[in-house]
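All remarks here apply to the structure that follows.
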There are 2 protein chains.
Amino acid sequence: MPLTLRQRNRLDAIHRIMDTAMDLFDERGYSDVTIEEIAAASGVSPRTFYRYFGTKEGLFTADPLAAVGLGSYSGQIDPGDLPGTLERLIARIGEGPGVSEGGRRTSWRGMRYVMEEPSVRAAVYGALDEEAERLTALLRDAGESPARARVIARSYLFGAYFGALEQWHLDGRSRPLGDYVRDGLAALADQTAGGRGQA
Amino acid sequence: MPLTLRQRNRLDAIHRIMDTAMDLFDERGYSDVTIEEIAAASGVSPRTFYRYFGTKEGLFTADPLAAVGLGSYSGQIDPGDLPGTLERLIARIGEGPGVSEGGRRTSWRGMRYVMEEPSVRAAVYGALDEEAERLTALLRDAGESPARARVIARSYLFGAYFGALEQWHLDGRSRPLGDYVRDGLAALADQTAGGRGQA
DNA sequence: AACGAACTGGCAGCTACTGTCAATAAGGCA
DNA sequence: TGCCTTATTGACAGTAGCTGCCAGTTCGTT
């Protein structure tokens, strides 16, 4: 059962808005483009923009498929093997044109703004935060104490994942992203195990 | 050489605004209090509020002493002993009434909003982000590779530090904060060293 | 006391964001 | 196909966060 017309229209609009917005941002800079302009250039009303994305930064955190009921990457987490999960998650990035169906690579066009615009960055942190909350719950279910679960989840997402992504971006995205993640995880292991305070 | 009159005035105003704001927030909730109200209740103009704090969320990330040229906790980081540094940082929290001179505990009155208001939380993440950048540089100076330095710095601040703080808060701040930090660091060590993917 | 610099307040204005309601388009059904 | 119901959109008005600008005041200094 494919998507209904309504769902397709909505998905089209979302993608159109995202692309248009990135075009405008690339052209004139993030803060010099207003929602009104994005909406006009995409053929929707500002009100509709907000219905879809919630905020201007939502452009960078919204999952188009979630908007039609299909969450993309959730439940793909194996709490017993976080390094492996991380590896699998990042495998989707960087290689090939896009994430899941559609071949859309909007998120990677937008990465620049995630790194450079504080407000966008903050929004992404908010999203990571929610993800960390979910992961914490999973780890608790897997037997970790609440405190341990929380610290592990946050370190993986904010430290190993985002940290690697950032360094990868800073280095011009030449070396494979996976290298950075492996590097980072190894560093954490050294640091926590080897350091003088082994606590 | 004590503070000049101007510096004292400014510092007084900052503290007065912070206290007043927290009073109002506790009374009616964060989002139902406007800057205009805070300013009026503190006896300053809204324009001045923005000069001091930059944003509404700045109330939670501003360091009053920095406003008069005295940064408080910077340069207290020993990149060779992060667990120890963390321990020292948190030693200032929770015990006793306040941070540094003045016996002010505004930040701990505000913790509730840091945890519960997404926008405040996001602002704190922004501040952590900057701190992480500084720590990353220190670790690089100490010989770590950029990628490793970045991941370690971020894991410590977003994972071990903020994660412990959050769990401590969620548990009602009964057990000492240090326990949470130690717990978390130990968990990280187990996780990265012990797991099947030792990568 | 007088001068220059720092600081404050008031005003005007922009833009992000929300509630509400009428208009419209899609889906289901006879 | 034509009609009815319901989801979705657009227009309007309004709130509040935030900034630039300038005039007036306060403070530090000589």
Side-chain angles (χ1 to χ4, degrees), chain A residues 1-17 20-21 24-25 28-62 64 66-69 113 117-123 126, chain B residues 1-17 20-21 24-25 28-62 64 66-69 113 117-123 126:
Chain A
M1 20 108 253
L3 301 175
T4 76
L5 176 56
R6 271 192 174 137
Q7 289 178 310
R8 260 184 295 121
N9 283 344
R10 165 174 284 238
L11 218 47
D12 284 353
I14 288 177
H15 285 141
R16 197 170 62 246
I17 294 171
T20 309
L24 292 174
F25 292 159
R28 314 210 315 269
Y30 182 76
S31 58
D32 282 345
V33 176
T34 69
I35 305 277
E36 215 162 342
E37 290 172 320
I38 297 172
S42 325
V44 299
S45 73
R47 198 65 189 79
T48 295
F49 176 96
Y50 283 108
R51 267 191 274 260
Y52 288 166
F53 298 103
T55 67
K56 191 177 182 184
E57 289 75 30
L59 277 168
F60 300 88
T61 57
V68 294
Y113 301 102
E117 285 291 330
S119 67
V120 177
R121 203 175 167 101
Chain B
M1 16 107 256
L3 301 176
T4 77
L5 177 56
R6 269 194 176 136
Q7 288 178 313
R8 259 185 295 122
N9 282 344
R10 167 175 283 240
L11 218 48
D12 283 353
I14 288 177
H15 284 141
R16 196 171 61 246
I17 294 170
T20 309
L24 291 174
F25 292 158
R28 314 210 315 268
Y30 182 75
S31 58
D32 281 345
V33 176
T34 71
I35 305 277
E36 215 162 341
E37 290 171 322
I38 297 172
S42 327
V44 297
S45 74
R47 198 65 190 79
T48 294
F49 176 96
Y50 283 109
R51 266 190 276 261
Y52 289 166
F53 298 102
T55 67
K56 191 177 182 183
E57 289 75 30
L59 277 169
F60 299 89
T61 58
V68 294
Y113 300 102
E117 284 291 329
S119 67
V120 177
R121 204 174 166 104

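We name chains A, B, ... by the order of the sequence lines, and we start the count at 1 in each one.
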Rounded to whole Å, how long is the line connecting atom [atom1] of [X] with atom [atom2] of [N]?
| X | N | atom1 | atom2 | result |
| --- | --- | --- | --- | --- |
| B:Phe49 | D:dA16 | CZ | P | 15 Å |
| B:Leu3 | D:dG28 | CG | P | 11 Å |
| B:Lys56 | D:dA16 | NZ | P | 9 Å |
| B:Glu57 | D:dA16 | CD | C1' | 12 Å |
| A:Asp32 | D:dT19 | CG | P | 14 Å |
| B:Glu36 | D:dA16 | CD | C1' | 9 Å |
| B:Arg8 | D:dG28 | CZ | C1' | 13 Å |

(message) Tell me whether the rings of A:Tyr113 and A:Phe60 are parallel (<30°), tilted (30 to 60°) or perpendicular (>60°).
(response) tilted

(request) Look only at the side chain of A:Thr20 and the backbone of A:Arg16, and say whether a donor-acceptor pair between them is shorter than 3.5 Å. (result) yes

(request) Measure from the side-chain N and O atoms of A:Thr48 to the backbone N and O of A:Val44, and report whether any donor-acceptor pair falls under 3.5 Å. (result) no

(request) Could you tell me which residues satisfy salt bridge (charged side-chain N to carboxylate O under 4.0 Å, His left out) with B:Glu37, sequence neighbours excluded, listed by chain and number? (result) B:Arg28

Give each protein N/O atom lying under 3.5 Å from an N/O atom of nucleotides 18-21 of chain C, with the pair distance.
| residue | atom | partner | partner atom | Å |
| --- | --- | --- | --- | --- |
| C:dG19 | N7 | A:Arg47 | NH2 | 3.1 |
| C:dG19 | O6 | A:Arg47 | NE | 2.8 |

(message) Distance check, rounded to the nearest 0.5 Å: B:Leu3 atom CG versus B:Leu11 atom CG?
(response) 6.5 Å

(request) Check every atom of D:dG10, C:dT8, D:dG17 against the side chain of B:Arg10 and return the nucleotide holding the closest atom. (result) C:dT8

(message) Going by ring pair (Phe, Tyr, Trp, His ring centres under 6.0 Å), name the residues that satisfy it together with B:Tyr50, two or more places apart in sequence or in a different chain.
(response) none

Within the sub-3.5 Å range, which N or O atoms of nucleotides 26-30 of chain C have a protein N or O partner, and how far apart are they?
| residue | atom | partner | partner atom | Å |
| --- | --- | --- | --- | --- |
| C:dA26 | O4' | A:Arg6 | NH2 | 3.4 |
| C:dA26 | N3 | A:Arg6 | NH2 | 3.4 |
| C:dG27 | OP1 | A:Thr4 | OG1 | 3.2 |
| C:dG27 | OP1 | A:Leu5 | N | 3.0 |
| C:dG27 | OP1 | A:Arg6 | N | 3.2 |

(request) Examine D:dT9: is either OP1 or OP2 under 4.0 Å from a nitrogen or oxygen in the side chain of A:Tyr52? Give yes or no. (result) yes

(request) Check whether any side-chain N or O of A:Thr48 sits under 4.0 Å from OP1 or OP2 of D:dG10, and answer yes or no. (result) yes

(request) Taking all heavy atoms of B:Thr61 and all of B:Ala123, pick out the closest pair and write down the distance. (result) CG2-O, 3.8 Å

(message) Give me each pair satisfying salt bridge (Lys or Arg N to Asp or Glu O under 4.0 Å) with a member in residues 42-59 of chain A, each pair once, sequence neighbours excluded.
(response) none

(message) List the residues meeting side chain to side chain donor-acceptor pair (under 3.5 Å) with A:Thr4, not counting sequence neighbours, and say none if there are none.
(response) none

